[in-house]
Structure formats: structure tokens, C-alpha cells
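Accompanying notes for the structure given below.
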Number of protein chains: 2
Amino acid sequence: MLKKTSRVSLVEQVASQMEELIGNGHWAVGNKLPPEMQLMEEFGVSRNTLREAIRALVHAGLLETKQGSGTVVRSKSSLGVALHRHFEKSSLIETLEVRLALEREAAQLAAKRRSEADVKKLQEYIKQCQAAAEIKDLEAFISADISFHQMIVKAAKNQVLLDLYEHMTDAIYTSIHDIMLDSQFSYDNEIHHELLEAICEQDIHGASTYVNEYIHTFKKRFTNITEG
Amino acid sequence: MLKKTSRVSLVEQVASQMEELIGNGHWAVGNKLPPEMQLMEEFGVSRNTLREAIRALVHAGLLETKQGSGTVVRSKSSLGVALHRHFEKSSLIETLEVRLALEREAAQLAAKRRSEADVKKLQEYIKQCQAAAEIKDLEAFISADISFHQMIVKAAKNQVLLDLYEHMTDAIYTSIHDIMLDSQFSYDNEIHHELLEAICEQDIHGASTYVNEYIHTFKKRFTNITEG
DNA sequence: CTCCTAAAGTTGTAGGATGATTGGTATATA
DNA sequence: TATATACCAATCATCCTACAACTTTAGGAG
């Protein structure tokens, strides 16, 4: 008879509808939701049911509630919070290793698929790196450097790859920041240039070579810090 | 005055405590939780508060409730559900591309770090593949093949990498299955052998070469299906 | 105009009541 | 005894009301 598992609870139905509203942009990120009273009427459920649905999305990172103020949309995806929770319980070096693996793939894909606009933006970030290095602004340098590498992933034209990379970067941002703090400005501006050149010329093998070089350097620096 | 942001709500406190209980194994996967009445007393909160916390974890995939029966622990990690929800809204080919990138990294790491036991298990899965091919049991072949590739990732000795790979495999299992159904038995048993040989001999370059060959073959098959 | 206070609006927490589903127990029947 | 049925207790699902805590806004005092 294979009775179809179980009926979906009201709470899950409401939560799904809310996720849909957030996903399709009807409830835009940053916007405030209608008050509970109104939502109760719109969804036709009691306050308890509605609140359980809201709380589920709050926990997932999609919504944010403030007592006395209201509920606002925090993100379109729950992936960030989930990855953050997961990486909290994971080894930092393992997480870094995976993130670098994504970057390696991204560099090769970017060499294949980059647009002219991508190359332009990459050049722009390198300029920002140099400018920040000249005026000894370490924070600006780190910010531009991270943006450069993120731009490579964007140029790979794979949204899944980009989502994972960005959320991993967020989750371990503090650690990445500290590693770069430790090694000052000098380290990889030459590699930046060579890598950009390869991507620009769509030289997949060259991109692979230089990104591997960068990864090797980065891992070495990390080892130096943790062992020092 | 910098008032310390906001106090953490009771619901989130209870949810965190529950996550801790699940994470450290005090509430083992598959076990049934105490009934709501008892949990209310243990956590010292009202029924509403407790239920909102439970619902948050249900939505995250950690718990599962059945009306009339009780609440059981479903998983120690919410990553699976989050990735599944995310990949549902993503392009299949992009997801496959990232998964293959993880496998590429895994093959190289496995060549470095594999133990003797890993090699033994890999050989075992190849045997299962051959045995299944001989008796024309396609399902068994696919199952053994997927296990082989998963074992490579395990041999890479990176838990983060393994978690991502396994959850991605789960999320797109049906598609992977269909791709393999379409190409029958023949395709990559030779590559299996060569790849295993490289990993066994800790030949990183060889492992890289053969896994790239495998990835190329797999992508080609996928293209054939979607374009045919 | 500025500052303070009061009120209204909103989410947070508590407790109770009823419905729906499940699992087990006791009973009746073959 | 074995089986099927009916019943009952346990448990989660939903709804309701009430009050507390916090925020924002409006209005009044100076």
C-alpha cells in the first residue's frame, strides 16, 4: 500500500512558502517583514505555527528578528550559516586545503572562460594591491588581495564554485586575515601578475602552474605560522 | 556606551544546547528524545520555547518528529540538508564540475597520504566492479564504482573534503546514477587500475594525470547525454 | 528646537486546551 | 492459542489568551 510517508506539517508548509518568497526576491534582503499579526492572517495559521516557521528560518540564517522592532531578511541562502557551523567544528588546515583546491580549479576554468571585463577587474585589484603596499596600508592590501582571488573564482563562471568559495572565505576570514597579516605586503604580487597574464592569454597550463605556486607559498606561510 | 548587541533568545539557547548534545553524541543518531513535557522541565522553558527550538533543528535536518510517536535524532550535521537545498536551485553541470574538482584534489592528496589499508579497500572495490560487470549486474557495478571513488576521497585524509564530497554525491546521486546507467560497464575500469596503481605507488603526478583523464571522460559522457 | 515621557507597536515567553496520529494493551472471536 | 478488533494512553500539532520585554513613535514640557 506504500502510504506516502507522512503529511507535511503546517509549519514546514509556511516555512517553505517563506523560503520561496525570499528566494524569488519578493522578500528582498534587508527588507522588513510584515508583523506577525498580519502574517498570521496571510498564511492563515496561528501565531505559534507562524513563529515556529519563522524561528526555523532564523536559525537557518535566512531571517533575523529583533524584539520590539521586527523581522528582516538576512540572506537568500542558508548555506553560509550551515558551512560556518560546520567549519567551526572542523580543522582549519583541512578547510584551507579545500578552499585552495577550489581556487586551483577556478584558476584553470577562469583561463578558459574569462571575459574581457573579468581581466579588467583583475588588473584593477592588482593596482589596488600595489597602491595599498606603497602607502603601507595593510588592511587595504589584504582586502584587495582577497578581492583579487575572489574575482578569479567569479571569472570561472561557475556559481556553485563561487558560492562555496565565498562562504568558505567568510567562515574562515579571520584566519586568512591573520595569515596575511603575518606575511606583510611583499609575498605574491609577482605571482599575481603571472597568474593574471596566464588567465588573460587563456593559457590553462600556465594558470595551473602559477596557481599551484601560489598555493604552495600560501601553505608554507600557514605552516610557518602554526609551527612558529 | 556600546551595549552588548542583544541578549540571546531563550529559543536559541535551548537550540544550541540541543546541538551540543547531538554533536557530542549524548543524543546519538537514531535515538529517541525524551517527550516534550520532560524536556520542558530539563531546560526549564515553556512548551512554546521548546517547540520553537526543536522545530529549528528539524528544519536544519538534525531532528525528525513524528506525531504520536516522538522525536528522533536524524543527523549530527546540518550540512547535508543545507547543501541539498542549495544544489536543488543550482545548475547540475556546475555542481558536477565542483564535485570533480574535489575528486581531482582528493586523488593527489590520496597519493600522498594513503595507508596500506586504503589501498586494500580500493582494490576490493575494483574487484567488486569487475565481478558485477561479469554477471551484468549494472546496479551493483554502479554502487561499487561510486564506492571506489568515495574511497579515494577517504584516503585523502581530509574530513572537510570528504564531508563536502559525500554530501554533494548524495544531493545529485540520481543524476550520477543516470549518467552511469547510460554508459554501461565498459568505460573506466582501465583508468581505475591505473589510478589505483599511481595512488599505491604514491605517484602524485601519475594520479593527477589519470584522474584528469577520468574527469575528461566523465564530462564527455555527461555532455553526450545532455546533448543527445 | 531639544529632551523627556508616555503610548503604541512588535517580538519573546508562558500556560492551557483541543485535535490528530501512533503504539501498545486488552478483549473478543475463531 | 492465534488473530483481529476495539480501546486507551502517550505524544506531537495546532490554536488560543495573556503578559513581559524591547523598540519606535508621538506628544508634551522646558
Side-chain angles (χ1 to χ4, degrees), chain A residues 1-19 21-22 27-75, chain B residues 1-19 21-22 27-75:
Chain A
M1 151 175 169
L2 267 183
K3 180 179 165 190
K4 191 62 178 299
T5 55
S6 63
R7 125 179 178 285
V8 178
S9 74
L10 256 183
V11 176
E12 286 300 330
Q13 291 179 42
V14 173
S16 291
Q17 290 182 53
M18 288 181 167
E19 281 177 332
L21 286 170
I22 295 171
W27 283 356
V29 174
N31 281 19
K32 182 146 56 175
L33 269 61
E36 289 177 351
M37 288 296 195
Q38 186 175 335
L39 290 177
M40 286 167 58
E41 291 180 3
E42 290 183 11
F43 289 108
V45 296
S46 74
R47 182 152 182 240
N48 278 352
T49 302
L50 176 73
R51 281 183 58 82
E52 283 182 25
I54 289 177
R55 183 62 61 183
L57 300 199
V58 168
H59 192 75
L62 297 183
L63 298 179
E64 195 169 14
T65 61
K66 250 196 313 183
Q67 184 176 182
S69 174
T71 306
V72 299
V73 181
R74 186 184 172 196
S75 166
Chain B
M1 157 176 167
L2 267 182
K3 182 180 166 191
K4 193 62 178 300
T5 56
S6 63
R7 125 178 178 285
V8 177
S9 75
L10 258 183
V11 176
E12 286 300 329
Q13 290 180 42
V14 173
S16 291
Q17 289 183 54
M18 287 181 168
E19 282 177 331
L21 286 170
I22 295 170
W27 283 356
V29 174
N31 280 18
K32 180 145 62 175
L33 269 60
E36 289 177 350
M37 287 295 197
Q38 187 176 333
L39 290 177
M40 285 167 58
E41 292 179 3
E42 289 183 13
F43 289 109
V45 296
S46 75
R47 187 171 158 85
N48 279 349
T49 302
L50 177 74
R51 281 184 58 80
E52 283 183 24
I54 289 177
R55 182 64 60 183
L57 300 198
V58 167
H59 192 76
L62 297 183
L63 298 179
E64 196 169 15
T65 60
K66 249 196 316 183
Q67 186 176 182
S69 173
T71 306
V72 300
V73 181
R74 187 185 172 196
S75 167

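By convention in this document, chain letters (A, B, ...) are assigned in the order of the sequence lines, proteins followed by strands, and residues within each chain are numbered from 1.
- Here dA13(D) presents its C1' atom at 16 Å from CD of Glu64(B), a figure rounded to the nearest Å.
- Taking only side-chain nitrogens and oxygens, Ser46(A) comes nearer than 4.0 Å to OP1 or OP2 of dC15(D).
- The backbone N or O of Glu12(A) lies less than 3.5 Å from a partner atom in the side chain of Ser16(A), making a donor-acceptor pair.
- For dG15(C), its base sits under 3.5 Å from the side chain of Asn48(B) at one donor and acceptor pair at least.
- Under 3.5 Å, the side chain of Arg47(B) and the base of dA13(D) form at least one donor-acceptor pair of N or O atoms.
- Straight-line distance from the CD atom of Glu52(A) to the P atom of dT13(C): 13 Å, rounded to whole Å.
- Here dG12(C) presents its P atom at 14 Å from CE of Met37(A), a figure rounded to the nearest Å.
- A side-chain donor-acceptor contact under 3.5 Å links Glu42(B) and Gln38(B).
- Relative to the side chain of Glu36(A), the nucleotides dG12(C), dA14(C), dC15(D) differ in distance, and dG12(C) lies closest.
- A donor and an acceptor atom sit less than 3.5 Å apart, one in the side chain of Gln67(B) and one in the base of dG19(C).
- Heavy-atom nearest nucleotides on DNA chain D were determined for Ser69(A) and for Met40(A), and the one closer to the 5' end corresponds to Met40(A).
- Taking the side chain as every heavy atom from C-beta outward, Ile22(B) and Leu63(B) approach each other to under 4.5 Å.
- In this structure, Thr49(A) does not reach the dA13(D) phosphate: none of its side-chain N or O atoms is under 4.0 Å from OP1 or OP2.
- Between the CZ atom of Arg55(B) and the P atom of dG12(C) there is a distance of 17 Å, given to the nearest Å.
- Nucleotide dG9(C) holds its C1' atom 16 Å from the CG atom of Leu33(A), rounded to whole Å.
- If you measure from atom CG of Leu50(B) to atom C1' of dA13(D), you get 14 Å, rounded to the nearest angstrom.
- dC15(D) atom P lies 13 Å from atom CZ of Phe43(A), rounded to whole Å.
- Side chain of Thr71(B), nearest nucleotide from dC12(D), dT11(C), dC15(D): dC12(D).
- Nearest nucleotide to the side chain of Thr65(A), out of dG23(C), dT11(C), dC15(D): dT11(C).
- Distances shown here put every side-chain N or O of Arg51(A) at or beyond 4.0 Å from the OP1 or OP2 atom of dT11(C).
- The closest donor-acceptor contact from the side chain of Gln13(B) to the backbone of Val8(B) lies under 3.5 Å.
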